[in-house]
Trainee: 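Have a look at the structure that comes next, please.
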12 protein chains.
Amino acid sequence: MFKILLLQGANANYLATREPDIYGSTTVDELNAMLHRHAEEHGDSLDIFYTNVEGKVITHTYRAVDQGVDGLVMNPAGFSYAGYALKDCVKGASLPYVEIHISHIHKRKIESVLSEAAEGVITGFGVYGYLLALDAILHLLNQRANVP
Amino acid sequence: MFKILLLQGANANYLATREPDIYGSTTVDELNAMLHRHAEEHGDSLDIFYTNVEGKVITHTYRAVDQGVDGLVMNPAGFSYAGYALKDCVKGASLPYVEIHISHIHKRKIESVLSEAAEGVITGFGVYGYLLALDAILHLLNQRANVP
Amino acid sequence: MFKILLLQGANANYLATREPDIYGSTTVDELNAMLHRHAEEHGDSLDIFYTNVEGKVITHTYRAVDQGVDGLVMNPAGFSYAGYALKDCVKGASLPYVEIHISHIHKRKIESVLSEAAEGVITGFGVYGYLLALDAILHLLNQRANVP
Amino acid sequence: MFKILLLQGANANYLATREPDIYGSTTVDELNAMLHRHAEEHGDSLDIFYTNVEGKVITHTYRAVDQGVDGLVMNPAGFSYAGYALKDCVKGASLPYVEIHISHIHKRKIESVLSEAAEGVITGFGVYGYLLALDAILHLLNQRANVP
Amino acid sequence: MFKILLLQGANANYLATREPDIYGSTTVDELNAMLHRHAEEHGDSLDIFYTNVEGKVITHTYRAVDQGVDGLVMNPAGFSYAGYALKDCVKGASLPYVEIHISHIHKRKIESVLSEAAEGVITGFGVYGYLLALDAILHLLNQRANVP
Amino acid sequence: MFKILLLQGANANYLATREPDIYGSTTVDELNAMLHRHAEEHGDSLDIFYTNVEGKVITHTYRAVDQGVDGLVMNPAGFSYAGYALKDCVKGASLPYVEIHISHIHKRKIESVLSEAAEGVITGFGVYGYLLALDAILHLLNQRANVP
Amino acid sequence: MFKILLLQGANANYLATREPDIYGSTTVDELNAMLHRHAEEHGDSLDIFYTNVEGKVITHTYRAVDQGVDGLVMNPAGFSYAGYALKDCVKGASLPYVEIHISHIHKRKIESVLSEAAEGVITGFGVYGYLLALDAILHLLNQRANVP
Amino acid sequence: MFKILLLQGANANYLATREPDIYGSTTVDELNAMLHRHAEEHGDSLDIFYTNVEGKVITHTYRAVDQGVDGLVMNPAGFSYAGYALKDCVKGASLPYVEIHISHIHKRKIESVLSEAAEGVITGFGVYGYLLALDAILHLLNQRANVP
Amino acid sequence: MFKILLLQGANANYLATREPDIYGSTTVDELNAMLHRHAEEHGDSLDIFYTNVEGKVITHTYRAVDQGVDGLVMNPAGFSYAGYALKDCVKGASLPYVEIHISHIHKRKIESVLSEAAEGVITGFGVYGYLLALDAILHLLNQRANVP
Amino acid sequence: MFKILLLQGANANYLATREPDIYGSTTVDELNAMLHRHAEEHGDSLDIFYTNVEGKVITHTYRAVDQGVDGLVMNPAGFSYAGYALKDCVKGASLPYVEIHISHIHKRKIESVLSEAAEGVITGFGVYGYLLALDAILHLLNQRANVP
Amino acid sequence: MFKILLLQGANANYLATREPDIYGSTTVDELNAMLHRHAEEHGDSLDIFYTNVEGKVITHTYRAVDQGVDGLVMNPAGFSYAGYALKDCVKGASLPYVEIHISHIHKRKIESVLSEAAEGVITGFGVYGYLLALDAILHLLNQRANVP
Amino acid sequence: MFKILLLQGANANYLATREPDIYGSTTVDELNAMLHRHAEEHGDSLDIFYTNVEGKVITHTYRAVDQGVDGLVMNPAGFSYAGYALKDCVKGASLPYVEIHISHIHKRKIESVLSEAAEGVITGFGVYGYLLALDAILHLLNQRANVP
């Protein structure tokens, strides 16, 4: 069983109301339920953390590391543009990190400054991308667990 | 009667003390009084919110939207440079937004990343610019109200 | 009583016919009437000058300076892109200058080369912006008149 | 049942031999077997096409479109850098397209010119990424099939 | 006796755990003790403030200015990349400011947006740089105190 | 019968004398005669207008629009480099516009700022290009006339 | 009688199906018929060659040169973006070359790397542009034939 | 005896009033007198032409060429920034051309787009530079006259 | 005895006919003969492969690697500009690679995207450069063979 | 006891006379005395070398390396801009190197090309910075000496 | 009587032999004689200094300043490209400085990094430019001498 | 018999000690011996000149030209980055010039500003490259000698 931390960046708590043709109509509650279900099915624990303040993600992440979290999934959302401090935090945390974006950010000419700290990135598949991201982080954690 | 939200970005709470030849000598209290008076004269309500933390403006804005605010005036101040998350929030809020800068930012080679989310921008007229901005947002709100 | 010179750059004389969803449907005659009325109400005189030839604005401005004009309002319109000679003229004229654009030029990725010669800039409020610009220039002129 | 076309760009046929610390040690045969198994389990058909010649992918894609393929998965590999003609082809083909890269290309400062034609992109999870890509394309196809 | 404010930016509270080959193995507690000792030896008082939230440094700095702090030392750390609001705050605070970076940021192709607000900068000497920075701020404060 | 306006930009009135190895040796009179003959053969009317003053082309164009011109052919010549005001005019005029350059401007590293307002562009065929341009504008006008 | 080689670059063989609002609805067969008719009317022979592989155009061009072709017309299509090898081939072939693009590529922010090897370029007139291009190449060939 | 044409660009007719610490306090009349005296002393004729309209300089220059002018001196002034049409005119005029700027334009980060059409350039010596420019053009004309 | 693969990129098969003042007048047959003679004299075997299709060089190279080739010499010719896929192939092939250009490409402002995969590069010495390149690859192979 | 080499680049020998508001009013003799005193107090030897010729610093540095110098302090001064050869020398010398600038070069938009070869950099503290630099180099040398 | 220092940068001592169509055919000896004669006629003294070593010009200039030189004329020649140290020296020397280039460097796309330290610049008039430069420096020195 | 001048730029005299994994372990003496031997075997004379001062290479080169040197080989080494004055000298010297770099400079992202003055360039083959460079210069000299 792995402990996964799922971080939701600025504006992510407004899903379903904000620009639905870009971000879809799934609500935050529906998303959370869907993700917890998916994690449980794999026998893993999931901590989902939303905030609009970059510094709070940093503090939360360090705390999670101290408490033995195994892997990180993040939709940096509003922090994608200038979240350099967060990127340093993620690099410093030394955890496998999977980045997910609901929309296809490259098509919208947005570059995530955090992505270079990730193992891999999943973009453009709507909220379904979170499931792929969970699959990916579990794959990575299993892979590492199996290396003698 | 319209409900206007006036957001004051980082460092704006230090008006009159900080670099007076750029920002003038009106104090925050004098400015607030002047703006409330102006709003009252037009029969409108005004909520003024100051913070140095970008994430808090985002949270405050979403809350105001939920409570039925009609229009947004903002001096992004210190958030002008890298407030991308705030820009996404303002775009998502789907309110008419008027941006105001006390100094003439283009002359100082500063570009506001938020301005592309605004209906219009007013720069360089000192604190008098806030009055113009209030006039502008009311004009926009009346215009929309009059469209059958 | 102040003497204001209002300059209308290239293509501005075609308001209401040219791309109405960008520039609105107010005609040049309606605009002129509205502005003269606004100036009269404040007891000020207003000279409105339209031309498509940049050099003619320059000549007109120098002449107005010789005749004691107090302040300048300009919508550089088609001169916004490459009106460097006009910018030098405005700088040389040593008058308070307020710049106004009908559309929100930053949203359209247009930069006005003249704006760095302005006291302040008003963009994006349609023809209503001219009224804000008149208010602004009068505010600036009164402010200067009051400094002992 | 959906018909999926999986395109493998230049150099992809040399997997497992070429720079194994970047691309892993799975061979082409192992990969193909794994992918066909995965498609069969979902009841879908999969056509895998390898070539080092960009023009041949273009011809193959048009042909597949004529034969009723439903969706496209591609690892552009060596075509990522300058495959503009291929990008135009993919755009012209009007199929949902999922892009997959074995390595985390952004970390290596590589940009895929094709990705703006994709629905979404998956990078950095090694050959496991192909499975995620298949899941993603099927999710997209089901989603479209369900829209009345 | 001078009152010095020492600000520690985002991620700085994770010294010794985060990437030790870049930042060394001194812990935050050891560093604090070393700095307080150094300040005491010179008969100066030192306030050390850590936070991951940029807005909180801004608020803390204005408060310190109100309480008569004499000089500023800061390791902007994670705020180096996009701390423009903080830079404006430091400029507005009108205090001598010495910037210190543990690693040699230029070698790592990082530019601190805050450094142009500093009197001087010290980079690359590990935590020993804090001692040099304290020496430097005291030198500057003495120099100013001696100018009649 | 269509009414075509042919605009000749700055320096175009000096054909045959100015740099003949770039622009050829046909004189302005010969060119005019050739073009009128070509228009007559197709039963169309042609107004040819030469000027060195950008603002005058703008005024002339608006006037022609008022008088019911059907299509525009222009060799912007000297206005190619910085004729932004003219570009806005052409866009505002809402006429099909064909651009023609005598020399192959791309080979000479010249970019016409007006060309993005054109339906199409013809460059590099000497004065023969004017005939192609007339054919092209007539083709476009016929095409539009035939759409029910 | 001149022998003209008409080259059709990548994706051009998919005319009428691919993005019809950009490229129109004429089919490849209709286009070929139209062009052969036009050539015959002028008493010229026309070889039309389609391929998606850049190297094959190069080989075909050298062969045509050996067989005495007189002039080149090409729609580089998908080769416009990065067809540098083809550009060198065309330069080396030492034939008059006319470039044609169906859409107005400058408006779509596309630059053809081949165009600097052309005598002239025709863009934006749909498939009608091919007729203009044939006229242009014949004009150039006649012009050269007439120089004693 | 040589016939020299001296062209004075936009804003040059406002010398002595406009920004005297940049352009000095010599008036236009004093300057003209000084230059005519200097030309007469060398037995040469001088035509001085001022205008704020770029197109008028172009027309004037072509006319002067027709009337047998021998050399050109110009202070492009306001045309320095975007006078591309004028540059083409000067190049087409095929006369030796000496460029003069009153202020040291490079120090002010201004580049004259016309200077590449000049034989040589003189900048930064105030109105005295006009005398150097006259000396230079006469030197060039004499040099050419002496080549058999 | 070493087995050397010599690859000749796009357009290289047209040596002696194409732009002889850049590429010289040696024919392909003369070049091949000269190179085989040179290889024989050193007791080495040489496979020379010409193609205009980038993908074919890739396929040929992988095959040669499978058959035990020892070293690579290539004139990328037309592939120099955008042969990124080929560069990845050469890097993946893990062979010592010597790059040769007949002309001095830097002087012509051409950059070879492949050269960063080479051990060394020889440019500008005409076809003689091939002999230098053979000497260089043999030197490298001998050097490696001698390292115990 | 360590042997320190202190290099003073171009123009540094003109301290106190050259632009005193940037560089202060300490003379070269005073500076030298101060530095020797500081070195003696720590029991270290100091060789100070001034030159305006970059090549001479290179030669001097190699010689010092041969004679067993332990560490390098340098104010590259005039060599900061383009001292690439000197940078290679410093890198080749394999000594700990501390860079010092009297003024705050980043504020003046100057970048030192040498700084990437340094362990650390000290800028902006006037001549006092030399004392910090000596402290820093001694700290580094002691640190290395203490590593078993 | 003024003392003028004339500095001749790298390669200037090879005049008349080096690329005569750019630099003319006057020899160094002829040039020196011409310049001394011109200085004597005005009753001024002239020191001409040639060197290929940038550092030597710096040393020579400081020495000349100590010996009371009044003004500087320099052809930086080979130092134009990267003579930043020399530029700092000239700025520090606080003398009026006139820059002269034999060829028209802007036409050759060369920028002199020294020119921003000059009062004015003369380019493109061959060796005759030196006479203009002497006239200019004397004009500047007289002007300053006449200011009470 | 040809007279060859071999120039060794800044830092080249420190071969074998400086960064041996980049530059190899051959000493300067071994290199010189090897080169003289190679020249003698071909019956040519070789002058090898080392210096760290760019101006001295310039002076040496002009002197060698006066003494009838036939060809130039140079490793610009530390002068590669900013040796513009030296480049002008080499161009002025009008000798065939072969450039050689021990390491593969393009791989290290270094560009030699001198290379555009060379006939050809050899990079990346260690000190063996000097032998190739000698072969190349002799080939060029023989070629020229044989042209009648």
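Note that the structure is a prediction, hence the values are computed from the model and not measured.
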Trainee: So, does A/Lys107 use its side chain to make a donor-acceptor pair with the main chain of D/Ala118 at under 3.5 Å?
Mentor: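 Yes.
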Trainee: Is it the case that atom CZ in D/Arg63 sees more than 12 heavy atoms from other parts of the structure closer than 6.0 Å?
Mentor: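 Counting neighbours around CZ of D/Arg63, 12 or fewer heavy atoms of other residues, nucleotides or ligands fall under 6.0 Å, so no.
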Trainee: Below 4.5 Å from any heavy atom of chain A, which atoms of D/Leu131 appear? Answer side chain, backbone, both or neither.
Mentor: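 The answer is neither part of D/Leu131.
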Trainee: Using 30° and 60° as the class limits, which term best fits the ring planes of D/His106 and A/His106: parallel, tilted or perpendicular?
Mentor: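 Ring orientation of D/His106 relative to A/His106: tilted.
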Trainee: What's the spacing between D/Tyr128 OH and A/Asp135 CG if we round to 0.5 Å?
Mentor: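 With rounding to 0.5 Å, OH (D/Tyr128) is 4.5 Å from CG (A/Asp135).
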Trainee: Would you find more than 12 non-hydrogen atoms of other residues, nucleotides or ligands less than 6.0 Å from A/Glu111 atom CD?
Mentor: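 Incorrect, the count does not exceed 12.
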Trainee: Heavy-atom distance under 4.5 Å between the side chains of A/Ile122 and D/Phe125, does that happen here?
Mentor: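 In short, these two side chains touch, coming nearer than 4.5 Å.
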Trainee: Does D/Val121 reach the side chain of A/Val121, with side-chain heavy atoms less than 4.5 Å apart?
Mentor: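 Result no, sub-4.5 Å side-chain heavy-atom pair not found.
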Trainee: Does the D/His104 side chain pair with the main chain of A/Ala117, one donor and one acceptor, at a distance under 3.5 Å?
Mentor: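 Pair absent, no side-chain N/O of D/His104 close to backbone of A/Ala117.
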